[in-house]
Amino acid sequence: MGSGIPFLGGGRGYIFELLRPLEASVSPGGADEAGLHASLSPEPALASRRQVPQFGLLAMRFLLRLSLLVLLAAAYQGGGSARRRRAVWTQGPGDISPAPSQTKAPFWVRISPTFKAVPPGSSVWLNCSSSCPRPENFSLHTGLQRGQTRNGSNWVSFQLLDVRAWTSNVPCFVTCAGLTRRAMARINAYKQPHSVILEPPVLRGSEYTLRCHVTHVFPVGFLVVTLLRGGRVIYFESLKRFTGQDLANVTLTHAFQARPHDLWQPVTCHARLNLDGLVVRSSSAPMTLTVFGEAPL
């Protein structure tokens with residue numbers, strides 16, 4: 001009978017040996033008279049000549065079986081890898097990667113104005129809009145007091161009341177198809193000085209004293225007061241150490257030695273508010289440094 005090799009790729013089939021093995025018999029003469037007789041060779045005299053081909057044929061059978069085993073093992077591994085790949089690519093609802101949906105559709109969110117500077121206690125309207133055709137939600141996140149709300153198909157306007165904090169960041173959020181995006185606005189509350197007044201210079205001995213008044217200004221912590229003589233800075237002071245949230249009056253006093261070349265030079269006082277990019281300037285009327293003992297003009 002032909003021998004068979006199990007098929008490792010699955011199933012119960014077998015791959016059978018295609019080459020029929022040689023049949024051997026022992027002669028009745030005993031071990032000394034024993035001889036191999038090939039079933040295909042009717043001539044006993046050729047048995048000794050065919051022993052070498054028989055061994056070669058057996059080696060060929062062994063190599064053939066070994067080659068089949070190697071090919072079957074490779075096919076089995078390749079099939080397993082393909083099945084594993086198919087299992088990964090065809091995962092069902094438990095797949096972590098989200099299926100393509102409308103959440104990846106681009107849309108923008110805008111808020112207007114993006115920057116607003118107002119006097120303390122003012123109200124502000126902010127308009128939040130989006131290109132989303134069916135926005136799910138508009139929201140404004142802020143600690144400022146809210147007022148009225150107006151809305152359209154893809155926009156909402158929010159009113160903020162009694163704005164007193166010198167700066168407030170106000171984000172607007174819009175949700176579209178499960179995706180949320182935002183836009184940011186900044187509101188600064190400030191009060192330009194009602195007046196900047198420079199008193200006439202006072203001469204005591206050889207020293208001039210200058211006194212400048214800045215009235216009703218906010219926020220004081222962002223105020224810089226500068227004294228100029230003939231267009232050159234002789235003194236300035238930043239008031240960032242003051243953190244009050246109310247209107248304030250500021251008086252700056254400065255004394256300096258009088259020199260002959262200072263005579264008849266104009267002196268001015270300047271107030272400057274630096275509000276994160278917004279600069280508000282105010283200045284006094286000029287005063288003139290007079291000769292010793294004369295009244296200033």
Side-chain angles (χ1 to χ4, degrees), residues 111-126 141-147 159-171 184-204 207-259 262 264-290 296-297:
I111 193 168
S112 178
T114 56
F115 175 77
K116 186 71 173 179
V118 298
S122 299
S123 63
V124 176
W125 280 94
L126 295 178
H141 292 193
T142 178
L144 299 175
Q145 182 181 346
R146 297 170 181 263
Q159 185 186 31
L160 303 176
L161 304 175
D162 194 26
V163 178
R164 293 189 177 276
W166 88 265
T167 185
S168 301
N169 291 321
V170 184
M184 183 76 71
R186 188 173 86 247
I187 303 174
N188 282 2
Y190 80 97
K191 175 64 172 65
Q192 185 174 2
H194 180 266
S195 62
V196 179
I197 302 172
L198 179 63
E199 293 183 3
V202 176
L203 179 62
R204 290 188 176 91
E207 189 174 75
Y208 278 111
T209 299
L210 301 176
R211 185 172 284 109
C212 178
H213 303 279
V214 182
T215 63
H216 292 83
V217 61
F218 176 82
V220 179
F222 294 84
L223 178 67
V224 177
V225 181
T226 305
L227 295 172
L228 280 74
R229 179 187 61 219
R232 295 185 178 182
V233 175
I234 59 175
Y235 182 77
F236 74 93
E237 185 170 346
S238 171
L239 290 89
K240 61 182 179 181
R241 63 184 180 276
F242 295 97
T243 59
Q245 297 295 314
D246 299 313
L247 292 174
N249 297 323
V250 176
T251 298
L252 175 67
T253 301
H254 175 65
F256 64 96
Q257 291 291 323
R259 294 173 295 183
D262 292 332
W264 309 111
Q265 291 287 331
V267 180
T268 53
C269 180
H270 299 262
R272 184 177 76 250
L273 282 172
N274 295 324
L275 303 173
D276 283 353
L278 174 67
V279 179
V280 180
R281 303 175 187 272
S282 301
S283 59
S284 70
M287 302 296 294
T288 303
L289 297 174
T290 61
L297 299 178

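- By the neighbour-count criterion of 12 heavy atoms within 6.0 Å, atom NZ of K116 is sparsely surrounded, having that number or fewer from other residues, nucleotides or ligands.
- Looking only at side-chain heavy atoms (C-beta outward), N169 and R186 come within less than 4.5 Å of each other.
- Separating the OG atom in S123 from the CD atom in Q145 is a distance of 10.5 Å, to the nearest 0.5 Å.
- For the atom pair D246 CG and K191 NZ, the distance stands at 13.5 Å (nearest 0.5 Å).
- Across every non-hydrogen atom of L198 and S284, the tightest pair is CB-OG, 3.6 Å.
- Residue Q192 comes nearest to S282 through the heavy atom pair NE2-OG, 3.2 Å, listed as atom of the first residue, atom of the second, then distance.
- Among pairs with a residue in residues 207-224, those fulfilling salt bridge (Lys or Arg N to Asp or Glu O under 4.0 Å) read E199-R211, at least two apart in sequence or across chains.
- Judged by distance alone, with hydrogens and angles left aside, the side-chain atoms of T142 form no donor-acceptor pair with the main-chain N or O of V170 at under 3.5 Å.
- More than 12 heavy atoms of other residues, nucleotides or ligands lie within 6.0 Å of CZ in R241, so this atom counts as buried by the packing criterion.
- Residues meeting the ring pair (Phe, Tyr, Trp, His ring centres under 6.0 Å) test with Y235, sequence neighbours left out: H254.
- A donor-acceptor contact shorter than 3.5 Å is absent between the side chain of S195 and the backbone of I197.
- Using a 4.5 Å heavy-atom cutoff, the side chains of V214 and P193 are in contact.
- Nearest heavy atom pair, residue P120 against residue F218, reads CG-CD2, 3.4 Å.
- At least one side-chain heavy atom of L126 sits under 4.5 Å from a side-chain heavy atom of P113.
- Distance check, rounded to the nearest 0.5 Å: OG1 of T167 to CD1 of I187 gives 9.0 Å.
- For the atom pair OG1 (T268) and CG (L228), the distance works out to 4.5 Å, reported to the nearest 0.5 Å.
- A165 and S168 get closest at one heavy-atom pair: CB-OG, 3.7 Å.
- In this structure, the separation between CD1 on I111 and CE on M184 is 8.5 Å, given to the nearest 0.5 Å.
- Closest heavy-atom contact between G121 and D162: CA-OD1, 3.3 Å.
- Considering every non-hydrogen atom in both L161 and G147, the closest pair reads CD1-CA, 3.8 Å.
- For the atom pair CG of L239 and CZ of F222, the computed distance is 12.0 Å after rounding to the nearest 0.5 Å.
- Taking the side chain as every heavy atom from C-beta outward, N249 and H213 never approach each other to under 4.5 Å.
- Under the 4.5 Å side-chain criterion, counting only non-hydrogen atoms from C-beta, W166 is in contact with N188.
- Figure legend: cation-pi geometry between R229 and F256, with NZ or CZ positioned under 6.0 Å from the six-membered ring centre and within 45° of its axis.
- Applying the side-chain contact (heavy atoms from CB on, under 4.5 Å) test between S238 and each of N274, T226, V224, V225 identifies V224 as the sole match.
- Within 6.0 Å of CZ on F236 lie no more than 12 heavy atoms contributed by other residues, nucleotides or ligands.
- In this structure the side chain of V196 never reaches within 4.5 angstrom of the side chain of H270, judged on heavy atoms.
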